[in-house]
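In what follows, a structure is listed as C-alpha cells, so that the remarks can point back to it.
Throughout, protein chains are lettered first and strands after them, A, B, ... in sequence-line order, and every chain is numbered starting at 1.
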Protein chains: 2
Amino acid sequence: MSQNTPPHSAGNTTPAPQTDGLTGGGTPAFSPLYQQIKSLILQSLQAGEWKPGDTIPSEFDLAARFKVSQGTVRKAIDELAADNLLVRRQGKGTFVATHAEQHIQYRFLRLQPDEGDQRSEGPAERNIIECRRLRAPAEIARLLGLRSGDPVLQVRRVLAFHGVPAILEDLWLPGVPFKGLTVETLAADRGPMYALFETQFGVRMVRAEEKIKAVAADAESAPLLDVAQGTPLLSVERIAHTYNDVPMELRRGLYRTDTHHYRNELN
Amino acid sequence: MSQNTPPHSAGNTTPAPQTDGLTGGGTPAFSPLYQQIKSLILQSLQAGEWKPGDTIPSEFDLAARFKVSQGTVRKAIDELAADNLLVRRQGKGTFVATHAEQHIQYRFLRLQPDEGDQRSEGPAERNIIECRRLRAPAEIARLLGLRSGDPVLQVRRVLAFHGVPAILEDLWLPGVPFKGLTVETLAADRGPMYALFETQFGVRMVRAEEKIKAVAADAESAPLLDVAQGTPLLSVERIAHTYNDVPMELRRGLYRTDTHHYRNELN
DNA sequence: CAGTGGTCTAGACCACACT
DNA sequence: GTGTGGTCTAGACCACTGC
C-alpha cells in the first residue's frame with residue numbers, strides 16, 4: 001500500500017513506534033508517522049469512506065484506530081486542512097471539504113469586478129450552449145491523462161454578470177467517471193458545477209493549475225461574448241485534479257476583462 | 001503594542017499561563033499564546049533585529065526569552081515559515097527568508113515558457129529605460145498608501161528572454177524608504193530586484209496581489225515589446241507589501257504571451 | 001561531539017456547540 | 001453536561017549539520 005510500513009509496531013508497552021521495521025529491502029525513505037496517517041486518511045477519502053460534507057471520526061477515534069497518539073493524528077489533519085481537503089470546526093468536528101456548503105463558493109474562479117461590489121456579484125447567469133460526447137483528440141487526451149480516442153464529454157457554456165456575457169468556456173471531462181452527465185442535469189442545477197460533480201459523480205476537485213495568455217477574440221468567440229472580433233481576451237486553460245493529483249477536467253475559458261479582472265495572490 | 005497582554009503572567013511556578021490578565025478594560029478578543037509570540041517575532045523582523053538571511057535564535061532561546069515552552073514557539077515559527085517569512089533548516093537553524101539566497105529566485109514572477117525548458121530560462125536580460133523621481137499622481141498615491149504629491153520613484157524597464165523582449169514594466173516606489181536609488185544602482189545589479197531592495201534599503205517584500213487583464217499593445221508599448229500595435233498583451237498590476245501589509249511597490253507590467261504564459265496554482 | 005530543528009507522546013485545561 | 005477541536009506544556013528521542 002503505502003511506501004512505508006504501517007505504524008503498528010506490534011505490542012509496545014512503552015511509547016514511541018517510530019521504528020521503520022523492514023531492515024532488509026530497499027526503503028531508504030523515512031517518512032514520519034503523521035505523514036503515514038495523512039496517507040491513510042487520504043486513502044479513506046479517495047475510497048469514499050467519508051463523502052464531501054460528512055464529518056470524519058474524532059481525533060481520538062482516529063488515534064485509537066491507527067494506534068497513535070491524538071497529537072499525531074492532529075498534525076496529519078492539520079496538513080489536510082491546510083490543503084483544503086478537510087475543514088475543522090471547533091466544537092463540532094472535522095468535515096470533508098466540499099464545493100457546496102463552502103461559503104467561499106466558486107473557489108477556483110478568480111475573475112471579479114474591478115472595484116467595489118466585491119463578491120456581491122452572486123453566481124452569475126449560466127447558459128449552456130453545447131454538451132456532447134466525443135472521442136478524445138490527442139491533445140485533450142494527453143492533458144487528461146487518457147488515451148486518444150477515449151470517450152470524453154465536452155461542454156460549452158457562457159457565464160454572464162448582470163446580463164453581460166463575461167466568460168466563454170469549454171470543458172472536457174473523462175467519459176467514464178462522468179457517465180450519465182447530460183445537458184439537462186447541468187441546466188437544472190443551481191450552484192457551483194464542482195458541487196454537482198461531488199453529489200452526482202463522487203468526483204471532488206481538489207487542486208487546479210491555470211495557464212493564462214492574452215488572445216484576440218476570433219470569429220467564433222466574439223459574438224458569443226458580445227465583443228468585436230480582435231478584442232483582447234484572457235485565455236485561461238485550467239486542469240483540475242481530484243485526490244492523488246489525478247486530472248479530471250480540462251477547461252479552456254475566454255474571459256472578458258473590460259469590467260472584471262483576474263485576481264491573484266502571491267506569497 | 002500588540003492587541004493582547006504579553007505572555008508573561010508573572011511568577012507562575014505551575015505551568016500554563018493562558019490567563020489573559022486584564023479583567024477590566026475592553027479586550028474581548030482572545031488570542032492564543034503562540035499568536036502573541038508570532039507577533040513579537042514579527043515585530044523583531046520589522047524592527048530589523050534580524051535581517052534577511054540571518055539566523056534567528058533557537059527555539060529554546062526564544063522560549064526562554066518569551067517565557068513559554070519550546071512547543072509554543074515552534075507553533076509560532078511554523079506559521080511564519082508557512083507565510084514564507086522564515087525558513088527552517090534542520091540541524092542548522094531558522095533563518096529570515098530572503099529573495100537573494102532563496103533558490104526559488106523570482107518568486108513573484110509567474111511568466112514562464114510554454115513548454116519544456118521549465119526554469120532553465122535564467123534571470124533574463126534586463127534593460128532599464130527610465131528612472132526618475134516625481135510627485136505621486138493621485139491614483140499612484142492611493143495604491144501606495146501615500147498622499148498625492150509625495151515623492152515617488154518611477155522605473156521603466158524591459159525584460160527579455162533570449163533576446164526577445166517579453167515584459168515591459170513600470171515600477172513606482174515610495175521616495176522616502178528608497179532614497180538614494182539610482183539608475184546606476186539598478187543597472188549594476190545582477191539578481192532579483194527584490195534582493196537589492198533588501199540589501200540596499202532594508203525593505204523586504206513579503207506578499208503581493210496582482211490584477212490581470214487582457215489589453216492591446218498601444219503605440220507606446222508596441223515598439224518596446226517588438227510587437228504590432230493591437231497585439232493582445234497581459235496587463236499585470238502588482239502591489240507588493242512589506243511586513244505588516246504595508247504597500248511598498250506598485251508595478252504595472254505588460255507581458256507578451258506568444259511564447260510564454262502566466263502560471264497559477266489554485267488550491 | 002554538541003546544537004539545531006523534527007517527531008511523538010501524554011496529560012491538562014480552554015473554547016465552542018449541541019442537547 | 002458531554003464531546004469536539006484548540007492550546008499549552010514537558011520530556012523523550014530522532015535526524016541532520018558542523019565542529
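Applying the 4.0 Å criterion to OP1 and OP2 of D:dC8, one finds that B:Lys75 has every side-chain N and O outside that range. B:Arg74 has no side-chain polar atom (N or O) that falls below the 4.0 Å cut-off from OP1 or OP2 of C:dG5.
When the side chain to side chain donor-acceptor pair (under 3.5 Å) test is applied to B:Glu79, the partners found at least two apart in sequence or on another chain are B:Lys38. Partners of A:Glu210 under the salt bridge (Lys or Arg N to Asp or Glu O under 4.0 Å) rule, at least two apart in sequence or in another chain, are A:Arg238.
Using a 4.0 Å cutoff on non-hydrogen atoms, the parts of residues 79-97 of chain A near DNA chain C are A:Gln90, A:Gly91, A:Lys92, ordered by number. A heavy atom lying under 4.0 Å from DNA chain D marks the following residues of residues 47-63 of chain A, by number: A:Ser58, A:Glu59.
Distances from the side chain of B:Thr72 to the nucleotides C:dT9, C:dT7, D:dT9 place D:dT9 closest.
The 5' end of DNA chain C is approached more closely, in terms of each residue's nearest nucleotide, by B:Ile77 than by the other of B:Ile77 and A:Val73.
Between the C1' atom of D:dC8 and the NZ atom of B:Lys38 lies a distance of 18 Å, rounded to the nearest Å. Per the geometry, OH belonging to B:Tyr34 stands 12 Å off C1' belonging to D:dG5, to the nearest Å. One interatomic measurement links the two molecules: NZ of A:Lys67 to P of C:dC8, which rounds to 17 Å at whole-angstrom precision. Going from atom CG of B:Leu33 over to atom P of D:dA10 covers 12 Å, rounded to whole Å. Distance A:Gln70 CD to C:dG11 P: 12 Å, rounded to the nearest Å. Atom CZ in A:Phe66 sits roughly 18 Å away from atom C1' in C:dT9 (whole-Å rounding).
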Chi angles and distances behind the ring pair (Phe, Tyr, Trp, His ring centres under 6.0 Å) call for B:His260, B:Phe161:
CA-CA 10 Å; B:His260 289 63; B:Phe161 299 109; 4.7 Å; yes

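Between B:Lys211 and A:Asp114 no salt bridge is recorded (no basic side-chain N to carboxylate O distance below 4.0 Å). The residues A:Glu49 and A:Arg65 are annotated as salt-bridged, a charged nitrogen and a carboxylate oxygen being separated by less than 4.0 angstrom.
Cation-pi geometry between A:Arg89 and A:Phe95 is satisfied (NZ or CZ under 6.0 Å from the ring centre, within 45° of the ring normal).
Checking each of B:Phe197, B:Tyr106, B:Phe108 against B:His99 for a ring-ring contact (aromatic ring centres under 6.0 Å, His included) leaves exactly one that passes, namely B:Phe108.
No hydrogens or angles considered: nothing links the side chains of A:Thr185 and A:Gln200 as a donor-acceptor pair under 3.5 Å.
If you take CG on B:Asn84 and CG on A:Leu266, they are separated by 11.0 Å, rounding to the nearest 0.5 Å.
Stretches of at least 3 consecutive Watson-Crick or G-U wobble pairs, with each checked distance under 3.5 Å, appear in DNA chain C as C:1-18 with D:1-18.
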Quick one: side chains of residues 239-249 of chain B, donor-acceptor pairs under 3.5 Å with protein atoms, not counting sequence neighbours, listed by atom name and distance.
unit_1, atom_1, unit_2, atom_2, d
B:His241, ND1, B:Asp245, O, 3.1
B:His241, NE2, B:Arg207, NH2, 3.4
B:Thr242, OG1, B:Val246, O, 3.3
B:Asp245, OD1, B:Arg207, NE, 2.9
B:Asp245, OD1, B:Arg207, NH2, 3.3
B:Glu249, OE1, B:Tyr194, OH, 2.4
B:Glu249, OE1, B:Arg251, NE, 3.2
B:Glu249, OE2, B:Arg251, NE, 3.1
B:Glu249, OE2, B:Arg251, NH2, 2.9

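Using a 4.5 Å cut-off on side-chain heavy atoms (C-beta onward), B:Glu59 and B:Leu62 make no contact.
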